[in-house]
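Atom set for the values below is all heavy atoms of this structure, side chains included, hydrogens, waters and symmetry mates excluded.
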Amino acid sequence: RRRHTRFRNVTGVQTCALPICVEANLSGWIGEPTTKAFKSVLVGLENDLLAMLVSAQKPTSTKLEQAIKSIDSSLSAGFWAGDVTLTSGGQKVFTEHRQAVEMLTQIKPVTPAIAAIIQKVLDTDRALAARAIADAATGDPKPLADARAFLASGDSARARGDATKAIDEYRQAWMNAMKAMKKPVL
């Protein structure tokens with residue numbers, strides 16, 4: 001494991017000084033996050049966006065600021081039950097991520113770095129939904145089947161390049177998995 005601290009200086013104010021433990025360097029991370037890293041990946045993405053903000057000009061800087069605000073809101077302790085699981089209010093995480101991605105897709109041209117951040121948000125949201133589905137494996141079969149269908153639909157939307165639709169579908173998958181957990185099959 002690597003342990004390091006990231007610092008960003010934006011408009012003269014130190015914005016972050018958090019120890020971050022992840023399986024690999026966040027900037028080089030590709031694919032779905034490990035179960036040890038969901039929240040840490042988001043902190044890394046926020047820091048990556050802060051680094052871009054330093055040299056961005058309007059209107060790009062405004063979009064980056066809005067995306068950072070949404071990612072930061074998604075990290076609220078009230079939404080997380082640890083680093084890998086969301087609380088019952090966790091659907092707000094998906095809503096904030098959708099808003100962040102909407103802002104990032106409005107930046108023209110979409111740079112490879114912005115595209116990579118969008119993909120990492122999608123990876124994380126998919127992983128959160130898949131984790132909830134796995135946790136609900138012994139729950140009510142109807143919402144569990146719906147959760148799996150929404151997960152597949154999110155994957156299809158993502159393959160079509162519709163990131164916001166993919167996040168909406170991953171949110172629905174997560175919500176149905178949560179519903180399945182509330183009614184365990186005995």
Any heavy-atom pair between the side chains of Glu65 and Leu53 that's under 4.5 Å? yes

Pair Asp123 + Arg158: basic N to acidic O under 4.0 Å: yes

For Lys182, does its backbone N or O pair with a side-chain atom of Asp140 as donor and acceptor, under 3.5 Å? no

Does Ser73 reach the main-chain N or O of Lys69 with its side chain, forming a donor-acceptor pair under 3.5 Å? yes

Is Val43 reachable from Ile71 through a run of hydrophobic residues whose side-chain heavy atoms are each under 4.5 Å from the next? yes

Does the Asn176 side chain pair with the main chain of Gln172, one donor and one acceptor, at a distance under 3.5 Å? yes

Taking all non-hydrogen atoms of both residues, which atom of Ala136 and which atom of Ala177 are closest, and how far apart? CB-O, 3.5 Å

Is it the case that the side chains of Ser74 and Glu96 hold a donor-acceptor pair, with the cut-off being a distance below 3.5 Å and no angle test? no

Quick one: pull up CZ in Phe94 and CZ in Arg171 and give me the separation to the nearest 0.5 Å. 9.0 Å

Quick one, Ile114 and Met52 - any side-chain contact, counting heavy atoms below 4.5 Å? yes

For Ala56, does its backbone N or O pair with a side-chain atom of Ser61 as donor and acceptor, under 3.5 Å? no

Any side-chain heavy atom of Phe38 within less than 4.5 Å of one from Arg131? yes

To the nearest 0.5 angstrom, please state how far the NZ atom of Lys63 sits from the OG1 atom of Thr105. 9.5 Å

Taking the side chain as every heavy atom from C-beta outward, state whether Glu169 and Leu151 have any pair of such atoms under 4.5 Å apart. no

Can you confirm whether more than 12 heavy atoms, excluding those of Lys108, are under 6.0 Å from its NZ atom? yes

Would you mind reporting whether Leu104 and Leu49 have side-chain heavy atoms less than 4.5 Å apart? yes

Main chain of Lys39, side chain of Asp83: is a donor-acceptor contact present, judged purely on distance under 3.5 Å? yes

Can you tell me how far apart CD (Glu46) and CG (Leu75) are? Round to the nearest 0.5 Å. 5.5 Å

Nearest heavy-atom pair of Ala166 and Gly154: which atoms, and what distance? CB-O, 3.4 Å

Answer with yes or no whether the hydrophobic clustering places Ile133 together with Val93; edges join I, L, V, M, F, W, Y residues whose side-chain heavy atoms lie under 4.5 Å apart. yes

ILVMFWY cluster, Val110 and Ile117 together (side-chain gap under 4.5 Å): yes

Can you find a pair of side-chain heavy atoms, one from Leu42 and one from His97, that are under 4.5 Å apart? yes

ILVMFWY cluster, Met181 and Trp174 together (side-chain gap under 4.5 Å): yes

Can you tell me which residue among Ile118, Thr95, Val101 is in a side chain to side chain contact (heavy atoms under 4.5 Å, CB included) with Ile167? Val101

Which distance, rounded to the nearest 0.5 Å, do you find between the CZ of Arg98 and the NZ of Lys92? 12.5 Å

Give the C-alpha distance, both sets of side-chain angles, the deciding distance and a yes or no for side-chain contact (heavy atoms from CB on, under 4.5 Å) between Tyr170 and Leu128. CA-CA 8 Å; Tyr170 295 149; Leu128 286 166; over 6 Å; no

Would you check if the side chain of Thr124 reaches a backbone N or O of Lys120 as a donor-acceptor pair within less than 3.5 Å? yes

Does Ile68 share a hydrophobic cluster with Leu122, counting links as ILVMFWY side-chain heavy atoms below 4.5 Å and allowing steps through other members? yes

Report yes if the side chains of Asp146 and Lys142 come closer than 4.5 Å at any heavy-atom pair, otherwise no. yes

Does any non-hydrogen side-chain atom of Trp80 lie less than 4.5 Å from one of Thr87? no

Would the distance check show the side chain of Ser76 and the main-chain N or O of Phe79 forming a donor-acceptor pair, the cut-off being under 3.5 Å? no

